[in-house]
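Fair warning: this is a prediction, and the values are worked out from it, not measured in the lab. So you know, we letter chains A, B, ... as the sequences are listed, proteins then strands, and number each from 1.
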Number of protein chains: 2
Amino acid sequence: MQLDERKRKILQAIIRNYLETGEPVGSRTISKYTDLNLSSATIRNEMSDLEEMGLIVQPHTSAGRIPSDKGYRLYVDTMLEEKEREITELKEMLLEKEEKTEQLLKQVAKVLAVNTNYATMITAPSTHRNKLKFLQLSRVDKHQILAVIVAEGNVIKNSMIRVREYLDDETLLKLNILLNTNLNGLCMEEINLGMIAAIKQKAGIHSDLIGEVLDAVAEAIKADEDLEIYTSGTNNIFRYPELADQQRASDLITTFEEKQLLGHLVEQSLEEKPETGIQVYIGDETRVQSMKDCSVVTATYELGEGMRGTIGIIGPKRMDYEKVVSTLKTLKHQLDDLYKK
Amino acid sequence: MQLDERKRKILQAIIRNYLETGEPVGSRTISKYTDLNLSSATIRNEMSDLEEMGLIVQPHTSAGRIPSDKGYRLYVDTMLEEKEREITELKEMLLEKEEKTEQLLKQVAKVLAVNTNYATMITAPSTHRNKLKFLQLSRVDKHQILAVIVAEGNVIKNSMIRVREYLDDETLLKLNILLNTNLNGLCMEEINLGMIAAIKQKAGIHSDLIGEVLDAVAEAIKADEDLEIYTSGTNNIFRYPELADQQRASDLITTFEEKQLLGHLVEQSLEEKPETGIQVYIGDETRVQSMKDCSVVTATYELGEGMRGTIGIIGPKRMDYEKVVSTLKTLKHQLDDLYKK
DNA sequence: TATTAGCACTCGTTTCTTTTGAGTGCTAAC
DNA sequence: GTTAGCACTCAAAAGAAACGAGTGCTAATA
């Protein structure tokens with residue numbers, strides 16, 4: 001059986017209606033509120049076909065139809081209408097271009113949650129592809145050296161290194177120069193213990209003490225690789241009865257709190273990255289058990305070369321895909337532009 | 001009417017039973033499972049008295065009794081039995097004494113939540129009473145100076161300062177010495193713009209450029225004053241039917257996410273600080289609307305002079321106060337000891 | 001051949017009624 | 001002062017009945 005234009009229209013009408021109401025849609029409703037001018041009986045025949053094709057399902061015998069995951073997929077892939085959709089509050093926020101990226105992102109997540117009525121998440125741009133810009137060791141007291149590492153985009157890391165013996169000013173200065181000349185401009189990912197070993201060799205360093213310090217620096221650069229995820233609007237899940245029952249809600253809340261499952265989702269969307277940078281996961285496509293009744297829309301934004309972060313919107317399967325996708329598209333571009341200026 | 005020993009015993013029995021089951025307690029239950037050897041009729045008479053005194057209430061005519069807030073208060077104030085209660089996992093964790101206080105605290109919150117089956121929150125020690133230990137300005141590139149500020153307990157702050165003109169090495173070095181000699185050992189709270197102005201004067205600095213840098217340093221020290229609160233085990237609220245209905249759960253989740261309401265609670269307990277450092281808020285005593293059906297037990301710990309943080313456990317009013325209070329007491333001492341070593 | 005009116009049937013939802021049982025308060029006896 | 005006994009209350013559980021949205025199928029229609 002094939003999907004002719006009429007079937008498409010009916011399917012679209014069913015989905016549109018279901019997205020709004022959340023109730024199974026009957027043939028009579030479609031017959032009345034569509035410009036197809038067909039009786040409910042005809043619609044019933046067509047619906048029967050659509051069901052056979054696996055695009056819609058009946059929750060029980062005497063109920064209307066609701067879209068299946070396959071139906072949603074078809075809808076998302078071929079039936080979305082694009083609209084420019086800006087959230088003016090966001091525009092203003094981005095103009096201010098706060099100093100602290102972290103704060104800005106948290107704010108974005110919050111405003112997005114309030115405006116869409118879905119839960120949102122956002123990750124700061126990952127740093128591992130980021131280039132090292134500046135590195136400094138300073139003595140804080142006799143046995144402690146502070147390593148400060150600055151990367152492109154002014155991402156700053158600190159690490160306290162404990163040394164057994166006093167390290168004199170001269171050695172410290174030498175180390176600073178050595179490290180800066182050898183590591184500057186490299187991206188975090190390229191720097192590792194082996195590389196540091198090579199530097200040691202090249203510089204002819206044999207002192208155990210200095211070796212230890214260098215190792216600690218390498219550790220510091222690698223550390224903290226776990227990307228932080230901020231969430232907002234978690235309570236929005238209670239707006240949708242299909243997510244609000246105790247078991248489901250509890251599981252979802254846990255997922256949001258634990259975050260590392262969300263991390264998988266983020267990584268997934270960073271990898272798959274389609275041309276638009278927007279990705280839609282429906283139900284099981286999220287690969288997260290607790291989200292099997294949810295859909296997630298993610299957008300990948302770039303704040304500079306190799307510094308990619310992800311925004312996600314999490315809602316029920318019957319989320320307003322048109323609104324969410326186009327809002328995210330606009331926001332993504334706004335964020336991308338932020339760096340270019 | 002006055003509360004004689006028998007009435008106390010009966011009240012205690014009612015509360016103990018209710019804490020366990022969450023069901024209204026009837027006279028028959030008390031008669032059977034107490035060593036008072038009284039018939040249910042006698043218990044009924046006593047219960048009637050207790051109700052008149054406002055210590056217990058009846059949800060409806062033909063139901064058993066449940067403790068009122070006043071009843072809980074009496075119980076918490078006078079009937080708790082102390083036990084040493086350690087969570088061995090915590091002990092091990094604390095022994096490791098992780099480098100990163102923040103990570104450690106998050107872990108503590110999590111373990112505590114898993115072990116008690118309540119929601120938990122924890123704040124890092126506030127820094128404003130904390131003493132400045134080390135301060136350094138370094139040039140990252142032509143127009144950017146990085147200020148690194150280290151306080152007692154190795155609390156590190158960074159701030160990027162944008163300068164319009166190039167600042168030569170010599171000036172930078174001079175500034176570093178000036179700042180360190182003048183500010184070291186002072187606590188963050190004492191340092192402000194006025195103070196910096198005084199230093200400028202004393203040092204005879206008239207350059208606008210240097211003035212700006214100093215102001216930025218003062219700003220950096222003050223900034224970030226908002227205390228961060230970490231929560232864990234939010235989903236535990238679903239274990240208690242009296243909190244798990246949609247409206248209440250949604251409100252609570254929001255409170256945990258927004259956090260600033262929790263902040264009030266934290267400040268409150270920092271101020272009121274009783275001898276033990278443990279504080280119990282029952283129902284409305286929390287002063288937070290969404291927590292009117294909850295109780296909160298807080299503990300104030302000290303990681304050094306003036307560096308006080310707070311741990312909180314949030315559960316239903318019928319939480320296991322004995323367990324929670326004594327667990328927190330033990331944990332508090334463990335944390336307090338952590339610094340002394 | 002495609003569409004539609006008509007109708008019997010299904011089944012979740014709502015509403016109302018009945019039953020059950022835990023628990024009380026009161027009274028009279030111990 | 002304590003207790004047995006009993007009538008009474010009321011939420012919750014169980015059952016029964018009515019409702020109605022929606023379907024599938026058949027036969028008539030264009």
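Just one residue in the list A/Ile66, A/Ile14, A/Ile10, A/Ile43 forms a side chain to side chain contact (heavy atoms under 4.5 Å, CB included) with A/Val25, and that residue is A/Ile14.
Summary of the strand contacts: B/Gly64 and B/Ala41 both lie near DNA chain C, and taking for each the nucleotide with the nearest heavy atom, the more 5' one is attributed to B/Gly64. Nearest-nucleotide assignment on DNA chain D puts the 5′-proximal partner with B/Ser40, out of A/Thr61 and B/Ser40.
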Is there a salt bridge (charged side-chain N to carboxylate O under 4.0 Å, His left out) between B/Arg73 and B/Asp69 once you walk through the steps?
CA-CA 6 Å; B/Arg73 181 46 57 208; B/Asp69 283 15; over 6 Å; no
Verify side-chain contact (heavy atoms from CB on, under 4.5 Å) between A/Met121 and A/Ile311, making sure each step is shown before the conclusion.
CA-CA 6 Å; A/Met121 63 177 185; A/Ile311 314 167; over 6 Å; no
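One can place OH of A/Tyr18 at 16 Å from C1' of D/dA21, the figure rounded to the nearest angstrom. Regarding A/Asn45, its CG atom lies at a distance of 14 Å from the C1' atom of D/dG22, rounded to whole Å. Separating the NZ atom of B/Lys32 from the C1' atom of C/dA22 is a distance of 12 Å, rounded to the nearest angstrom. To the nearest angstrom, C1' of C/dG25 lies 16 Å from NE2 of B/His60. For the pair A/Met47 CE and D/dT23 C1', the interatomic distance rounds to 10 Å; values are reported in whole Å. In this structure, A/Arg28 atom CZ and D/dG24 atom P are separated by 16 Å, rounded to whole Å. If you measure from atom CD1 of B/Ile43 to atom P of D/dG1, you get 16 Å, rounded to the nearest angstrom. The interatomic distance linking A/Asp49 (CG) with C/dT3 (C1') rounds to 14 Å, in whole Å.
Evaluation of atom-type donor-acceptor distances gives a pair under 3.5 Å for the side chain of A/Ser62 against the base of C/dT10. Side-chain atoms of B/Arg44 come within donor-acceptor range of the base of C/dG25, with a qualifying N/O pair under 3.5 Å.
At the heavy-atom level, A/Thr42 lies under 4.0 Å from base atoms of the strands shown.
The side chain of A/Leu38 sits closest to C/dT4 out of C/dT4, D/dT9, D/dT3. Comparing C/dT3, C/dG25, D/dG24 by their closest approach to the side chain of A/Gln58 singles out D/dG24.
Taking the six-membered ring for Trp and thresholds of 30 and 60 degrees, B/Tyr240 and B/Tyr118 have nearly parallel ring planes, at less than 30 degrees apart.
One finds a salt bridge joining B/Arg248 and B/Asp245 here, because a Lys/Arg side-chain nitrogen approaches an Asp/Glu carboxylate oxygen to under 4.0 Å.
OP1 or OP2 of D/dG24 has at least one side-chain nitrogen or oxygen of A/Arg65 nearer than 4.0 Å. The phosphate of D/dG22 (OP1 or OP2) has no side-chain N or O of A/Ser27 nearer than 4.0 angstrom.
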